[in-house]
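Here the structure comes first, spelled out in structure tokens, and everything after it is commentary.
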Amino acid sequence: MAIICGPMVRHTTREKINIWQVLDHEFNEINLAVYPSLQSLGNIASEVSSSIVQLGSSCFAVMLSATIAPSDSNEIIYYDVIVDGEGLVETGLNELVCLQGEKLPSVMIPKQHRYLYQASCRKPHDKQGVDHLAEMANLIEEALGKDTRPSQLYLTGDQIYADDVSPILLQSFQDVREALGLPHEMMYTDKNDSFNPDKMHLDGRWRKAKRKLGFTSGEKRSHLFSFSEYFCMYLFSFGASLPQQRFAKYKALQPRLTSLRRKDDREYHYSSMQYENEKVVLERFAQTATSQVRKALANISVYMMFDDHDVTDDWNLTEENKHNLSSSWLGKQVYVNALSAYAVCQHWGNQPDAFSPTIQQNIAALAKNPTQENHKPLEVLFSKYWGYLLEQTPPTLVLDTRTQRVYDGDNLELMSEQQLDAIGEKLALLPKTSVLILVSPTPMYGFNAIEAAQLSPLLTKFKAFSDREPWIASEKALKNLQNALLRTPDIKHIIIFSGDVHYGFLRRQHLAAQGVTFWQFCSSAACNSPVGGNVGLSLASAMAKHFYHDDTKYLMPNGKRPHFLTSDKNIGALELDIVNMALVPVKATLHCCSASGEIYEKCYDLTDYHEYPS
């Protein structure tokens, strides 16, 4: 089959393009061609290079990079990936990844990025069975041939749910692993004590993934363990055509499900009804991922940052949790597997030139031979800062809010003062800019009523239950972040892309003394339904406001659904424009999908905004 995942457009500028993909067999030559249009097939790519990480006997992750030289007026380029002389058209892959009416995938490379999208939180077996990231392909197609075509997509966290996995999906990865030649991995609970996860019940992994080892999720019955499982989850989420993937029938799964004996009957924790519901939504997710999500990711520059579920729920939430996960035998092994898969599937494309050859080699060694010895060198990833800065117009700062935390009693600083000072120094060296895009997986300015409930003294001992980790958990850290951002020369508008919380909203915070406005834009979730939906969100809000009173205002959308908060599936869009010779935010949109499947928009005019309470 050759390319089974991708091609996916990663870090791309007007000078360079990077394309990521995964192939399922060896090849002699792989190349990248870039064209200014479909009518003019003069290749504008030069200095093409390929970086290859072999992960299994039939599994190759490849980053293709090329220098490009578009004309000054050319803002859209087309590309082709050629494997052993056959391009996307010859292999038929263009039918999967090309936009309607086009023969090759394309990407917008403007001088100024004025149309940006964001999304977060995708759980394949979400109960509603709607992956709203699939709408991204439609939105790009609607803008074909227009200046409004989006140029960048930011995935702001929880691209996978490693702790909350359907047993159906977990079982299917075993055949995929065999087809790709990814080796079996024994899991260690001590230096000389190991277990075989393939011999365990599919929904019985919670017995090994214990709280004292750093696994605090309430949904960890089928937690991912091995590198190959994390890697396969990324492939599935990115819409790969996975070899040999089959969703087993319930009867075939039963021998590998935990059960309760009642008289002479056998009842399973994972019921037949739950199986039927999850199988339907998993098939729907797979169909839209392979057809729509894969297409979207092939036609827009994509940037990513993890949140907790990319590793495990509540990752580094508390000092105790951090210690347990990074020091216990099983915790360390799973942690290394999670970050290694993240490095290959997400981070590599954010900064391709900064992906250390040593780390690549160590990950390849781990994937092909997952021994304790090959895990050890990759423990350096635990303390790595994964954030990055895109020096473009407007510049984008992407924060890692997980690995640089400071624990001070009950106060949690999402990033250390030293790290934020270093970021401020980098921002101070940027050219003058009126706009800065900030990606913070956790909202910098959240929904106060719910955050107050999370930080209530009554819940101090239940941090994991209440997700006690908003930025405001430490006013010092929030102030340090704010001060770092304000060092950006001539800054007037800071737009914050966030996910995490499973509801969408916009909020404005104006600092009169500095003449700077912060626009908090939260888009969550693309495919994960919160408990209770909008009713539950309203109830939680009302209860929190009963105990916590403030006058914080939130932006009100135009249209038929004017409520300032939504828990419907959503992805976010931002539009910038030039006003009085300066780039400014003019419009934000939450593209939503209700529980009944209705597609609608919440539109916010950022030049003539309305706030609630008025």
Donor + acceptor pair across side chains of Thr517, His493 (<3.5 Å)
no
Is Glu283 atom CD crowded by more than 12 heavy atoms from other residues, nucleotides or ligands, each under 6.0 Å away?
yes
Classify the side-chain pair Tyr388/Asn350 by whether it contains a donor and acceptor separated by less than 3.5 Å.
yes
Indicate whether any N or O donor in one side chain lies under 3.5 Å from an N or O acceptor in the other, for Gln482 and Tyr445.
yes
Look at Lys569 together with Asp131 and state whether they make a salt bridge at an N to O cut-off of under 4.0 Å.
no
Distance alone, cut at 3.5 Å: any donor-acceptor contact between the side chains of Asp500 and Ser524?
no
Assess whether atom CD of Gln514 is packed by more than 12 heavy atoms of other residues, nucleotides or ligands within 6.0 Å.
yes
If we ignore angles and hydrogens, is there a donor and acceptor under 3.5 Å between the side chains of Ser594 and Asp568?
no
Verdict with supporting geometry, Thr91 and Ile3, side chain to side chain contact (heavy atoms under 4.5 Å, CB included)
CA-CA 9 Å; Thr91 61; Ile3 299 175; over 6 Å; no
With a 4.0 Å cut-off, would you call Asp164 and Lys123 a salt bridge?
yes
Dump the intermediate steps for side chain to side chain contact (heavy atoms under 4.5 Å, CB included) on Leu399 and Met305, then the final yes or no.
CA-CA 8 Å; Leu399 299 180; Met305 176 47 68; over 6 Å; no
Near Gln112 CD, under 6.0 Å, is it more than 12 heavy atoms from other residues, nucleotides or ligands?
yes
Qualifying residue, where the test is ring-ring contact (aromatic ring centres under 6.0 Å, His included) with Tyr342 and the options are Phe231, Tyr230, Phe306
Phe306
More than 12 non-hydrogen atoms from neighbouring residues, nucleotides or ligands closer than 6.0 Å to NZ on Lys426, yes or no?
no
Using 30° and 60° as the class limits, which term best fits the ring planes of Trp348 and Phe355: parallel, tilted or perpendicular?
tilted
Work out which heavy atom in Ser106 is nearest to a heavy atom in Ile76; give both atom names and the distance.
CB-CG2, 4.1 Å
Can you see which heavy atom on Thr288 is nearest to which on Ala134, and at what distance?
CB-CB, 4.0 Å
Pair Ser440-Trp471, side-chain donor/acceptor within less than 3.5 Å
yes
Is there a side chain to side chain contact (heavy atoms under 4.5 Å, CB included) between His591 and Leu139? Walk through the geometry before answering.
CA-CA 10 Å; His591 296 273; Leu139 293 168; 3.7 Å; yes
Any side-chain donor-acceptor pair under 3.5 Å between Gln152 and Gln392?
yes
Testing Ile423, Thr403, Leu481 for side-chain contact (heavy atoms from CB on, under 4.5 Å) with Met415, which one passes?
Ile423
Show me the donor-acceptor pairs within less than 3.5 Å that the side chains of residues 573-584 make with the rest of the protein, sequence neighbours left out.
residue, atom, partner, partner atom, Å
Asp577, OD1, Arg114, NH2, 3.2

Ring-plane angle category for Phe285 and Phe236, please: parallel below 30°, perpendicular beyond 60°, tilted otherwise.
parallel
Note: Glu75-Arg149 ion pair, threshold 4.0 Å (strictly below):
no
As a quick check of understanding, evaluate side chain to side chain contact (heavy atoms under 4.5 Å, CB included) for Asp80 and Val34, giving each step before the final call.
CA-CA 6 Å; Asp80 195 6; Val34 182; over 6 Å; no
Taking the inter-plane angle between the rings of Phe447 and Phe505 on a 0 to 90° scale, is it parallel (under 30°), tilted (30 to 60°) or perpendicular (over 60°)?
tilted
Check whether the side chains of Tyr234 and Gln346 place a donor and an acceptor atom closer than 3.5 Å, and report yes or no.
yes
Please tell me whether Asn528 and Tyr161 have a donor and an acceptor in their side chains that are separated by less than 3.5 angstrom.
yes
